[in-house]
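Okay, so here's the structure we're looking at.
Proteins get letters first, then strands, A, B, ... in listed order; numbering begins at 1 in each. The basis for the numbers below is simple: all heavy atoms, side chains too, and nothing from hydrogens, waters or symmetry mates.
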There are 2 protein chains.
Amino acid sequence: MMVISAQEEKLDPRVRRTQAFIQEAFLALLEEKGFQSITVREITERAEINRSTFYAHYPDTYGLLDATLQDIFRKELEHNALSVCHYSLENVRALMITVCKFIRQSQSNCKTPDSQFELMIEKQVRKQSQALLEMWLEKLGADLDVKSVAVATSWTIYGLAAQWNQDSKRPAVEVYTDRVLPLITANLPGD
Amino acid sequence: MMVISAQEEKLDPRVRRTQAFIQEAFLALLEEKGFQSITVREITERAEINRSTFYAHYPDTYGLLDATLQDIFRKELEHNALSVCHYSLENVRALMITVCKFIRQSQSNCKTPDSQFELMIEKQVRKQSQALLEMWLEKLGADLDVKSVAVATSWTIYGLAAQWNQDSKRPAVEVYTDRVLPLITANLPGD
DNA sequence: ACGAATAAACAACACTTGTATGTTATCATT
DNA sequence: AATGATAACATACAAGTGTTGTTTATTCGT
């Protein structure tokens, strides 16, 4: 699998190649073992680059995780065309489903339940959900505190999605989403 | 300052002393430098205990941060008598104010803005807020999905509190709380 | 196509980490 | 007070970390 970083245009091809190698190796390792036990050395050996080169791109494995999650979740949103559409309750529902699936998939790879790893997913998912909601509500031009509503709603979405993910008897995403959607849209304009 | 861990009763006094020394040293170091740059060696040197003893109590610095934040935020809730009261909009307001102040205080110590550090605060604050809300709503016996409502509300509280904390022109806690309280209570019974 | 700019490789460094092992000191029970 | 249990100490080890130089290779602008 080829991973291309955020700004893939007008970037030194050496940099692009190296970062792609690193992220590839990293994702492969994540399938095999817990995040905490992955070392910079392992990553660079698998990526077949020099270890010191790693530090020219990321401060440490946490920085790499952050950047990687940002990239793949952004791709996920784009894939579902959510980044290019407008506000509607239907799209909020689609966002919730996307978030649920993303968390589920990310966790399923990581065998060792890792607190830091989960928190990093949460950070990226929530950040981008908030940006999306802000954009939607801004375009809507309704009379409300866009920022605060976007914050409240994005945190609610993540929280409920994470709850679903932890639930032992996990209903179908759509079923669960429809059940909790009123909680999510409580502060949103009614279409 | 003396830090006493969670279960302070019927615990080997050696363990209690050691953990107190560790947490003291850790909190002192947090006032001086960023979390990421604090090493186990530094902590144990300042606590005047053997480094290997550290690992008998915490897996690493992240584990220590987790346990420490859990303790001090629990104390904060107890201090405001929130753990022993019932559900009311007034108490939800008090909880929000407590969370805001706690985040503010925690961040102000940490000079280097540290992602991992913030995420850890978030984890503990949110977890305990949720537990508190669940207890309140359970006692209330109203007809609602207690778990989901508690999840949604606790995440909203943290999100809005964090937003206030990041705001450059930060209004008084009470002013801000009253402004966003409707967003927080949107899914709660009206007293 | 040539030369300046810069990324990647290479190598070495002082340091931290997590673990294992055996010894000493402290605590709880009788 | 004696004793069995166990926490803390002391020490050592292989491995990883982050940084700093220097050299080689690739890329970009003219």
Side-chain angles (χ1 to χ4, degrees), chain A residues 2-26 28-30 32-67 112 114-117 120, chain B residues 2-26 28-30 32-67 112 114-117 120:
Chain A
M2 195 66 174
V3 182
I4 306 296
S5 89
Q7 296 81 13
E8 32 196 278
E9 32 265 319
K10 62 170 193 158
L11 194 66
D12 193 318
R14 289 172 293 183
V15 173
R16 187 169 38 206
R17 235 184 313 116
T18 301
Q19 291 186 351
F21 287 156
I22 292 175
Q23 295 203 1
E24 270 176 72
F26 180 51
L29 282 166
L30 272 177
E32 297 169 20
K33 55 199 298 204
F35 167 71
Q36 297 272 23
S37 70
I38 296 176
T39 67
V40 172
R41 171 160 265 126
E42 272 179 313
I43 296 167
T44 55
E45 271 171 8
R46 178 151 329 192
E48 289 179 304
I49 61 158
N50 193 276
R51 190 171 62 87
S52 67
T53 304
F54 177 92
Y55 295 101
H57 296 275
Y58 309 99
D60 49 32
T61 50
Y62 289 93
L64 171 59
L65 177 60
D66 198 33
T112 319
D114 186 326
S115 189
Q116 296 310 312
F117 186 74
M120 221 54 165
Chain B
M2 196 64 174
V3 183
I4 306 295
S5 90
Q7 295 79 13
E8 33 195 280
E9 33 265 320
K10 62 169 192 159
L11 193 67
D12 194 318
R14 290 172 293 182
V15 174
R16 184 164 46 201
R17 237 185 310 117
T18 302
Q19 291 187 351
F21 287 156
I22 292 175
Q23 294 204 2
E24 271 176 71
F26 181 51
L29 282 167
L30 273 178
E32 298 168 18
K33 54 198 301 204
F35 168 71
Q36 296 273 23
S37 69
I38 296 176
T39 67
V40 173
R41 177 166 300 251
E42 272 180 314
I43 296 167
T44 55
E45 272 172 7
R46 176 146 339 186
E48 289 178 306
I49 61 157
N50 193 278
R51 190 170 63 87
S52 67
T53 303
F54 177 92
Y55 295 101
H57 297 275
Y58 309 98
D60 50 31
T61 50
Y62 288 94
L64 171 59
L65 177 59
D66 198 33
T112 319
D114 187 324
S115 190
Q116 296 308 312
F117 185 73
M120 221 55 167

What does the B/S/- profile of nucleotides 11-19 of chain C look like, 5' to 3', with a 4.0 Å heavy-atom cutoff to protein? B----SBBB

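Atom CZ of Arg17(B) and atom C1' of dC9(D) are 13 Å apart (whole Å). Atom pair Arg16(B):CZ and dA28(C):C1' shows a separation of 14 Å (rounding to whole Å applied). Going from atom CG of Leu64(A) over to atom C1' of dT17(D) covers 15 Å, rounded to whole Å. What separates CD of Glu45(A) from P of dA15(D) is a distance of 12 Å, to the nearest Å.
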Just do the ring-ring contact (aromatic ring centres under 6.0 Å, His included) check on Tyr62(B) and Tyr62(A) with the steps written out, would you? CA-CA 13 Å; Tyr62(B) 288 94; Tyr62(A) 289 93; 5.4 Å; yes

Test log, rule side chain to side chain contact (heavy atoms under 4.5 Å, CB included), inputs Val40(B) and Asp60(B): CA-CA 7 Å; Val40(B) 173; Asp60(B) 50 31; 5.7 Å; no

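Under the rule for a salt bridge (Lys or Arg N to Asp or Glu O under 4.0 Å), the partners of Arg14(B) that lie at least two apart in sequence or sit in another chain are Asp12(B). Under the rule for a salt bridge (Lys or Arg N to Asp or Glu O under 4.0 Å), the partners of Glu32(B) that lie at least two apart in sequence or sit in another chain are Arg46(B).
Taken to the nearest 0.5 Å, the OG1 atom of Thr61(A) stands 9.0 Å off from the CE atom of Met120(A). Taken from CD1 in Ile49(B) to CD1 in Ile22(B), the straight-line distance is 3.5 Å, to the nearest 0.5 Å.
The side chain of Asp12(B) lies closest to dA7(D), out of dA28(C), dA7(D), dA8(C). Across dT6(C), dC27(C), dA8(D), the shortest atom-to-atom separation from the side chain of Arg14(A) is found for dT6(C). With distances taken from any side-chain atom of Ile49(B) to the nucleotides dA9(C), dC9(D), dT27(D), the minimum falls on dC9(D).
Remark: His57(B) is in phosphate contact with dA8(D), judged by side-chain N or O atoms under 4.0 Å from OP1 or OP2.
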